[in-house]
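In what follows, every chain begins at residue 1, and chains take the letters A, B, ... in the order their sequences are listed.
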Amino acid sequence: MIEVRALTVRAGSRVLVDAVDLVVEPGTWCTVIGPNGAGKTTLVEAVAGLRRPEGGSVWVGGRDLGPMRERERARVVALVPQHPVVPPGMAVYDYVALGRTAHHGLLRGATSADRRAVDEVIGRLALGDLAERDVATLSGGERQRTVVARALAQGTSVVVLDEPTTGLDVRHQIELLELVRNEVVDCGVTVLATLHDLTLAGQFADRIVLLDGGRVVLDGAAREVVRDPELAARYRTALRVVEVEGRDVVVPVRTPPTAVTTERASTGSAR
Amino acid sequence: MSTALPPRRRVAVAGVLATLAVLGAVLAGLAVGPTPIGLGRVVGDLLSHLGVGRSTLSPLQSTIVWQLRAPRLVMGLLAGAMLAVAGGTYQGAFRNPLADPYLLGVASGAGLGATIALVRVQGDGVPAITPLLAFAGAMAAVGVTWVIGGRGLRTATGRLILAGVAVSSLLTSAQTYLQQSSLGSMAKVYIWLLGSLAGASWSSVALITPYVLGAIVVCVLAARALDVLSVGDDESRSLGLPVRRVRAIVVVASSLGTAAIVSAVGLIAFVGIIVPHAVRLVVGTSYRRILPLTVLVGAAFLVFADTLARTVMAPSELPLGVVTALVGAPVFVVLLGWNERGAR
């Protein structure tokens, strides 16, 4: 379970996350959505311990993450970053094995338990054929699966994903999110993710939180949030929700030409 | 990178070759010099000290081997290993391929300290206080860089590196001013700056060994952390790496070891930046493979370079820094080409 209590994060004088309260029940998936600059990445980075909050706290499984050292925290929360750094020359197996760092420490090598954990994740995510490949040579989809594998190798009850589908084609987006969904359903992992795609957010998450200006605007069941008129207002875009085979598809609708473009057109015709 | 040998095999072969190179360097360091003493007789003498057979060396030859060449050899091994492993460690800790052991101002601080000693203390030769002032200058320079760029440990490392550049520039200009203002000691300063193992003695070796060995051990032990750090500071922290602490430990150890070496042998360029890269070209990017091999290759390389430096124009000596670059650069270019062909 993740509990975010009155979390406030600043960058200089700017408030990026403003007194956010959030509870993610164990074994469920919560997706944070919101327009650019809403504070989504800041929120998940704070939950992953990468940003020191100005106020408030983050609790996982009843333990406050604030006073924890890096190693202890890495055994509680794993992160899939938005733009993972890809070290050239590192084999997929070694990259996934980085996820065990917090377990075996820096002076001791991986134990047989660590190797078993890595082998198990590599098998589960069907990365066996790629194990010897250089991470830098993988395709976008393979690479992102490898990054998720590294996070799962950490063996944490909570996984935080920041825009995990960035740069992936539709098929690989769905595949990746299905893979994460399986971890939630089969392994009881608690997931906090940010996503830009509202349709995918609605179809994969149990709950959606709409963030705007660093504050929580909507918080509810995925289906309710994607159908809430507030969503279009916050994105300042016309949105329609279409039901396809029982699932919600959120479609942006091009609005009529604005006053500015009309004016330009009329100026052009007067010449 | 790809070549005929699989990676694991290649690391093993590289390890064996590097060990043989160190053994070869030890024998060359003891047997080669202006006074011809056969390799067999040196080995015979070495064995006689271990209680096997009898030595055929005269007392003078024995003194040359054990009081002149041996301390110089050990100093060369320590200096090569330390500079190379410090360079490799900095390249990992700062994720910067251009990093070398002098990144944070060790060289300029030591240069200024040594110049003060050489210019201010009258008399022939190198004053006894020179290593002490060089060491103090080196550590002071790194200390100032650390204080100015300290925030770099928490955010990007760029600030720390830039602080190193600023401190280095300032101290180098002060050193140059001092050097120019005292023309009488200019040659001494110049020779010191180019680095040399000629002044090595058992006492100087004994003085620096604890620092250097300690630093080498810490750097090699940091290899696993540096492998994690290759995914960047944020991801490393999320994987459980105490990034600030690791970087601080590595900087303190490398600075102490490098300052100790520089205070004893002056500024030897090139080893710290090129040896780790050459090793990386052969064994790949994991610091767990790079750093131990870098210790061996750095040690062997510097002793071979010194053997050349003191024999090519005997009885006078070439500056060691000149030889390391003159020999090392072509070797590195060949390795680069070999790696390029292997990658195709």
[X], part contacting chain B, at a heavy-atom distance under 4.5 Å:
X        : result
A:His83  : backbone
A:Arg51  : neither
A:Ala136 : neither
A:Pro84  : both
A:Val77  : backbone

Show the nearest heavy-atom pair for residues A:Leu79 and A:Ala151, with the distance to one decimal.
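Scanning both residues, the minimum pair turns out to be O-CB, 4.1 Å.
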Grab the two heavy atoms, one from B:Val228 and one from A:Thr101, that are nearest each other, plus how far apart they are.
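Taking every non-hydrogen atom into account, CG2-OG1, 3.6 Å.
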Side chain, backbone, both or neither: which part of B:Ser286 has an atom under 4.5 Å from a heavy atom of chain A?
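No part of B:Ser286 comes within 4.5 Å of chain A.
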Let me know if B:Arg288 has heavy atoms under 4.5 Å from chain A in its side chain, its backbone, both or neither.
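B:Arg288 has no heavy atom closer than 4.5 Å to chain A.
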Using a cut-off of under 4.5 Å for heavy-atom pairs, which of B:Ala222, B:Ser230, B:Ala223 has the most such pairs with chain A?
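So the answer, after comparing B:Ala222, B:Ser230, B:Ala223, is B:Ser230.
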Any salt bridge linking B:Asp234 with B:Arg237? Criterion: basic side-chain nitrogen under 4.0 Å from a carboxylate oxygen.
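Yes, charged N to carboxylate O under 4.0 Å.
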Do A:Arg124 and A:Glu120 sit within salt-bridge range, that is, some charged N less than 4.0 Å from a carboxylate O?
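Yes, this pair counts.
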Side chains of B:Tyr287 and B:Thr294: is there a donor and an acceptor less than 3.5 Å apart?
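No pair is found: no donor N or O on one side chain lies under 3.5 Å from an acceptor on the other.
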Which donor-acceptor pairs under 3.5 Å do the side chains of residues 60-70 of chain A make with protein atoms, sequence neighbours left out?
unit_1, atom_1, unit_2, atom_2, d
A:Arg63, NH2, A:Glu72, OE2, 2.7
A:Asp64, OD1, A:Gly66, N, 3.0

Would you say [atom1] of [X] has more than 12 non-hydrogen atoms from neighbouring residues, nucleotides or ligands within 6.0 angstrom?
X        : atom1 : result
A:Asp129 : CG    : no
B:Tyr211 : OH    : no
A:Glu132 : CD    : no

Run the side chain to side chain donor-acceptor pair (under 3.5 Å) check on A:Thr111 and A:Asp114 step by step: do they pass?
CA-CA 5 Å; A:Thr111 62; A:Asp114 293 314; 3.0 Å; yes
Is any residue of residues 137-150 of chain A within less than 4.5 Å of chain B by heavy atoms, and which ones?
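Under the 4.5 Å heavy-atom cut-off, A:Arg150 qualify.
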